[in-house]
Amino acid sequence: MPESKTLFITGASSGIGAQTARQAVAAGWNVGLFARSEDKIAKLAEELGDRTLALPGDVADRNAQAAALDRLTGKFGGIDAAFANAGTGVTASGTEGGDPAEWHDMIHANVMGVLYTAHAALPHLRKRKGHFVVTGSAAGRRHIKGSIYGATKWFVHGFAGNLAEEMSEWGGRCTVVAPGMVDTEFFDEPDDSRLHPSDVADAVMHALGAPARADVREIFLMPNRNAG
C-alpha cells in the first residue's frame, strides 16, 4: 500500500466536499477536487497545497469525470477512494407543483452523477481494493410528502447497498453517509442548530479510516436539537 493514499471528491468546492478535502489532507491524503466552480476549487487547492489537484468539471458529464480521474491517477499514481458528494435540490416542492425541468437537472446530478462517479472510479479502486463513499440523506431513509429530492436519495441508498455487495467480491468497500440537515449553501439562511459540514466530514474520514476487517456500510447522523 502506498504511503500516501489518494481521494477523489465530487462537489468539492464548498460545504461537505471542501471540509472533507481539508480533513483528508490534514490526515495525509492526496485529494482530487472535482466541481463546476473552477475558481473555488482553484482557491481551495491553493489553500491546501501540493497534496491537491483542482479538477473542474460537471458531475453530470461522464467523460469529464473519467478524464479527471485519469489526471488524478497521473499525478499521484493511483486512487484509493472516491467520495461521490455532489448533488442538488429543487426550488419547487412536491410532485404536482414541481418543475420537471428542475427534476431533470437534479436527477442527472444526484442519480446519474453518482453512477458516473462509480463507473469511472471502480477500475481505479479495484487495483487498490479501494473505498467508495457517497452522500445519502436522512431524506433517503424516510418518506417525505412529495419529495422528489428524497426519492433521488432513496436511489442513492439502494445503489450504495448494491454496490457494497459488488465491491466486496474483490475486497472493496462502499459506505453511504446519511446526514440530516447540514448548515451549507443548500439553504438560504444559516442555522447553527443543523449539523456542520465538519460533522459529515468526520463521518467520511471514520469510514475511510476503518480497519480492513470493518466494512462500514452506512453512517446515519442527525442534528442533536438538545445539544445546547
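Fair warning: this is a prediction, and the values are worked out from it, not measured in the lab.
No donor-acceptor distance shorter than 3.5 angstrom exists from the side chain of Arg173 to the backbone of Ser168, with no hydrogens or angles considered. With Ser147 contributing its side chain and Ile144 its backbone, the two residues share no donor-acceptor pair below 3.5 Å. The main-chain N or O of Leu115 is never found under 3.5 Å from a side-chain atom of His119 such that the two would form a donor-acceptor pair. Between the Thr52 side chain and the Leu48 main chain, no donor and acceptor come within less than 3.5 Å of each other. Put simply, the side chain of His124 never gets that close to the backbone of Ala81: no donor and acceptor are under 3.5 Å apart. Of the possible polar contacts, none joining the Gln19 side chain to the Ser198 backbone as a donor-acceptor pair under 3.5 Å is found. The main-chain N or O of Trp29 is never found under 3.5 Å from a side-chain atom of Ser4 such that the two would form a donor-acceptor pair. Between the Lys75 side chain and the Gly32 main chain, no donor and acceptor come within less than 3.5 Å of each other. Distance alone, capped at 3.5 Å, is enough to place a donor-acceptor pair between the Glu102 side chain and the Thr91 backbone.
Counting non-hydrogen atoms of other residues, nucleotides and ligands closer than 6.0 Å to CG of Asp50 gives a total of 12 or fewer. Open room surrounds CZ on Arg36; 12 or fewer heavy atoms of other groups in view lie less than 6.0 Å from it. The number of heavy atoms from other shown groups lying within 6.0 Å of CZ (Arg126) does not exceed 12.
The distance from atom CD1 of Ile9 to atom CD1 of Ile41, rounded to the nearest 0.5 Å, is 11.0 Å. A distance of 13.0 Å separates CE of Met112 from OG1 of Thr152, quoted to the nearest 0.5 Å. For the atom pair Arg51 CZ and Thr6 OG1, the distance stands at 9.0 Å (nearest 0.5 Å). Taking CG from Asn224 and CG from Leu195, the interatomic distance works out to 9.5 Å, rounded to the nearest 0.5 Å. Between atom OG1 of residue Thr117 and atom CD of residue Gln65 there is a gap of 3.5 Å, rounded to the nearest 0.5 Å. Atom CZ of Arg194 is separated from atom CG of Asp199 by 13.5 Å, given to the nearest 0.5 angstrom.
Across all their heavy atoms, Ala68 and Phe34 have their closest contact at CB-CD1, 3.7 Å. Minimum interatomic distance between Ala24 and Met205 (heavy atoms only, all atoms of both residues): CA-CE, 3.8 Å. Nearest heavy atom pair, residue Ala120 against residue Ala66, reads CB-CA, 3.9 Å. In terms of heavy-atom proximity, Gly180 sits nearest to Ala138 at CA-CB, 3.9 Å. Minimum heavy-atom separation, Tyr149 to Ala139: CE2-CB, 4.2 Å. Shortest non-hydrogen contact noted between Cys174 and Leu163 is SG-CD2, 4.0 Å.
By the 4.0 Å N-to-carboxylate-O rule, Lys43 lies too far from Glu38 to be salt-bridged with it.
Here Phe8 and Phe83 keep their ring centres 6.0 angstrom or further from each other.
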Show, in sequence, the C-alpha distance, side-chain angles and deciding distance for Val90 and Asp105, and conclude whether the side chain to side chain contact (heavy atoms under 4.5 Å, CB included) test is met.
CA-CA 9 Å; Val90 293; Asp105 293 344; over 6 Å; no

Step by step, would you call Thr73 with Arg71 a side chain to side chain contact (heavy atoms under 4.5 Å, CB included)?
CA-CA 5 Å; Thr73 298; Arg71 280 189 60 198; over 6 Å; no

Going through the distances and angles, do Ile79 and Leu125 end up as a side chain to side chain contact (heavy atoms under 4.5 Å, CB included)?
CA-CA 6 Å; Ile79 296 169; Leu125 298 178; 4.0 Å; yes

Could you go step by step and tell me if Thr10 and Asn85 meet the side chain to side chain donor-acceptor pair (under 3.5 Å) rule?
CA-CA 5 Å; Thr10 70; Asn85 169 67; 5.6 Å; no

Kindly indicate, with the supporting measurements, whether the criterion side chain to side chain contact (heavy atoms under 4.5 Å, CB included) is fulfilled by Leu53 and Leu33.
CA-CA 6 Å; Leu53 179 63; Leu33 307 168; over 6 Å; no

List the steps, then state whether salt bridge (Lys or Arg N to Asp or Glu O under 4.0 Å) holds for Asp80 with Arg128.
CA-CA 6 Å; Asp80 300 273; Arg128 294 187 170 182; 3.0 Å; yes

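With Phe155 as the partner, the side chain to side chain contact (heavy atoms under 4.5 Å, CB included) test is satisfied by one option alone out of Asn110, Val111, Ile107: Val111.
Looking at heavy atoms from C-beta onward, Thr135 lies out of side-chain contact with Val200 at the 4.5 angstrom threshold. Contact of the Met167 side chain with the Leu122 side chain is registered, since non-hydrogen atoms from C-beta on lie closer than 4.5 Å. No side-chain heavy atom of Asn30 sits less than 4.5 Å from a side-chain heavy atom of Leu7. For the pair Asp202/Gln23, a side-chain contact is recorded, criterion being any heavy-atom separation below 4.5 Å from C-beta on.
Aromatic ring orientation, Trp154 versus His143: parallel (interplanar angle below 30°, classes split at 30° and 60°).
Val176 and Met222 are members of different hydrophobic clusters when ILVMFWY side chains are connected at heavy-atom separations under 4.5 Å.
Cation-pi check for Arg141 over Phe220 is met; the charged atom lies under 6.0 angstrom from the ring centroid and within 45 degrees of its normal.
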